[in-house]
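To find a chain, count down the sequence lines: A is the first, B the second, and so on, and within it residues start at 1.
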Protein chains: 2
Amino acid sequence: MPADLTDFAAFAHRLADASGAAIMPHFRARLDVEDKGGKKGEKYDPVTIADQNAETAIRELIAADYPDHGILGEEHGHQTGTSPYSWVLDPIDGTRAFITGGPQWGTLIALNDGAAPVLGVLDQPFTGERWIGYGGRTELHARGTVTRLQTRACPTVKEAVISTTHPWGYFTEDEQAKFRKLDAAARMSRFGGDCYAYGLLAMGFMDAVIESALQPWDIQALIPIVEGAGGIVTSWAGGDAQDGGHVVASGDERLHAALLKLLA
Amino acid sequence: MPADLTDFAAFAHRLADASGAAIMPHFRARLDVEDKGGKKGEKYDPVTIADQNAETAIRELIAADYPDHGILGEEHGHQTGTSPYSWVLDPIDGTRAFITGGPQWGTLIALNDGAAPVLGVLDQPFTGERWIGYGGRTELHARGTVTRLQTRACPTVKEAVISTTHPWGYFTEDEQAKFRKLDAAARMSRFGGDCYAYGLLAMGFMDAVIESALQPWDIQALIPIVEGAGGIVTSWAGGDAQDGGHVVASGDERLHAALLKLLA
């Protein structure tokens with residue numbers, strides 16, 4: 001792989017370290033009993049403070065080392081660069097998991113080369129897990145170990161464990177009916193996964209994640225992670241998924257083809 | 001509280017240590033690539049092996065220290081004791097979370113004094129979290145810290161974060177419709193929680209967990225944990241929940257009363 005990408009991976013680890021440090025003091029902080037970060041008189045809102053502080057920390061590091069790169073972040077908007085590269089950021093993907101104390105949220109950091117995301121990080125600082133995908137490989141860095149990941153074989157919907165974050169929170173009625181039909185055909189469905197489900201897919205413990213109403217920063221980091229482990233990510237229509245919207249990720253291309261038919 | 005209960009709590013920590021040690025080598029083990037525990041020629045099934053090994057380890061410790069106590073476990077059945085005390089065990093509650101690699105499963109250990117569960121442990125060895133409730137208090141032991149837990153105030157359904165493990169996997173059609181109605185009235189619903197959701201309830205990050213089709217070992221450990229943090233656990237009809245079935249747990253008794261009306 002190009003030397004650049006290895007450098008960018010080392011830099012992405014630094015970004016994830018910084019975001020984790022900004023977020024963790026606010027994870028599981030109690031809204032009603034503490035005041036850790038809001039302006040005087042403002043109500044303390046842990047997830048908003050954590051999200052903003054993490055994105056600020058990441059933007060500062062990018063501005064210092066790659067001032068010509070663009071940045072697209074959920075919290076602080078779009079900043080155009082003079083380089084084709086841009087960083088696509090969601091400091092806390094899975095806000096609902098975060099505010100209810102669960103570990104299924106994560107920090108998503110993608111590097112887009114102007115055509116597609118070429119590097120992605122999913123960082124979960126509470127469990128101490130970090131997925132990084134780039135150059136056709138995906139690694140899980142967890143508590144001092146590094147493991148190369150590989151999705152599992154799953155040729156049919158019947159054998160598949162499928163997942164989505166919420167059964168009706170993000171789907172239209174028609175989409176709900178489609179998911180329900182898939183669920184009836186599949187081996188098992190899981191909910192509440194948020195971005196963590198894509199990590200489990202890359203590890204070979206789930207077979208597909210099916211979502212809608214995604215933003216670019218919800219999915220760009222996850223594309224190199226899933227693809228680097230041997231999986232595939234597209235829109236429900238089979239097209240490029242980097243702009244978000246309706247997204248399906250699978251660990252096996254045979255399953256993916258079957259899912260696209262059923263989601264069409 | 002009686003001295004006995006303090007002794008039993010120390011013993012319950014030993015049981016959870018032993019179960020965690022028996023389970024963790026099999027968590028996230030790959031079915032298809034490894035052979036860690038099955039008999040020769042048998043297919044290796046990580047969750048079954050982990051479940052059985054953990055229950056065996058727990059039963060051996062109970063037999064050694066409290067040979068007169070009864071034991072009711074999911075894996076190895078009921079063993080009547082000569083003492084009124086019995087241990088009610090589910091080594092891996094949340095099998096589906098376990099086999100899909102997620103951290104929402106837990107080991108449930110309850111001590112029943114013959115009338116009701118008086119001590120409960122929820123152990124999550126992957127995240128390093130252990131909830132223990134007894135004598136009217138609940139503590140979270142996590143990574144070297146011990147925190148006394150308190151549920152949060154939430155007087156109405158409108159303000160509540162409610163949770164259940166699966167939107168239709170365990171509910172009848174009528175129960176699904178009830179949960180869907182509750183969801184529409186509540187602030188937010190979360191799925192995929194398994195026993196971990198009760199831990200988040202005790203910590204004050206969720207307001208209610210609503211489930212059906214539970215076994216006694218699915219709920220007995222969680223009753224002292226929720227109640228020791230100030231919450232309440234009953235059947236949907238408002239009766240004793242220790243035998244399982246339809247269970248609702250709330251952090252605030254005003255919310256609980258409102259939920260019982262809607263679930264009736």
Side-chain angles (χ1 to χ4, degrees), chain A residues 27-33 46-47 94-104 124 126-129 140 142-143 147 149-154 160-169 176 179-180 183-184 187-194 196-197 199-207 209, chain B residues 27-33 46-47 94-104 124 126-129 140 142-143 147 149-154 160-169 176 179-180 183-184 187-194 196-197 199-207 209:
Chain A
F27 180 53
R28 295 187 174 174
R30 294 282 289 257
L31 259 176
D32 47 348
V33 293
V47 72
T95 303
R96 289 172 172 217
F98 187 95
I99 65 178
T100 56
Q104 305 97 318
Q124 211 321 308
F126 174 70
T127 61
E129 296 171 288
L140 175 65
R143 308 173 185 184
T147 312
L149 300 182
Q150 174 63 52
T151 61
R152 70 180 169 198
C154 177
V161 175
I162 65 172
S163 178
T164 194
T165 292
H166 197 284
W168 52 76
Q176 285 176 47
F179 189 87
R180 188 76 191 248
D183 166 78
R187 177 156 72 96
M188 190 190 301
S189 63
R190 294 288 297 167
F191 296 94
D194 293 290
Y196 203 86
L200 297 176
L201 174 72
M203 293 172 78
F205 291 108
M206 286 191 179
D207 304 297
V209 185
Chain B
F27 179 53
R28 294 185 174 175
R30 293 283 289 258
L31 259 175
D32 46 347
V33 292
V47 71
T95 303
R96 289 173 172 217
F98 188 95
I99 63 177
T100 57
Q104 305 98 318
Q124 212 321 309
F126 175 70
T127 62
E129 298 171 286
L140 175 64
R143 307 174 186 185
T147 312
L149 300 182
Q150 174 64 52
T151 61
R152 70 180 170 198
C154 178
V161 176
I162 64 172
S163 178
T164 194
T165 293
H166 197 283
W168 52 75
Q176 285 176 47
F179 189 87
R180 188 75 191 250
D183 167 78
R187 178 155 73 96
M188 190 191 301
S189 63
R190 294 287 297 167
F191 296 95
D194 293 288
Y196 202 87
L200 298 175
L201 175 71
M203 293 173 78
F205 291 109
M206 284 191 180
D207 303 298
V209 185

>> Please rank Gly102(A), Gly192(A), Pro167(A) by heavy-atom pairs under 4.5 Å with chain B and give me the top one.
In response: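 Winner by heavy-atom pair count: Pro167(A).
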> Rounded to the nearest 0.5 Å, how far does CG of Leu140(A) lie from CZ of Arg28(B)?
Replying inline: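 The CZ atom of Arg28(B) sits 7.0 Å away from the CG atom of Leu140(A).
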Closest approach of [X] to [Y] (non-hydrogen atoms, all atoms of both residues):
{"X": "Arg143(B)", "Y": "Thr127(A)", "result": "NH2-CA, 4.2 Å"}
{"X": "Thr100(B)", "Y": "Leu200(A)", "result": "O-CD1, 3.3 Å"}
{"X": "Gly101(A)", "Y": "Phe205(B)", "result": "N-CB, 4.1 Å"}

Side chain, backbone, both or neither: which part of [X] has an atom under 4.5 Å from a heavy atom of chain A?
{"X": "Ser189(B)", "answer": "both"}
{"X": "Glu129(B)", "answer": "side chain"}
{"X": "Asp207(B)", "answer": "neither"}
{"X": "Leu201(B)", "answer": "neither"}
{"X": "Ala197(B)", "answer": "neither"}

> What residue in Ile99(B), Asp183(B), Thr165(B) has the most heavy-atom pairs under 4.5 Å with chain A?
Replying inline: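 If we count pairs closer than 4.5 Å to chain A, Asp183(B) comes out on top.
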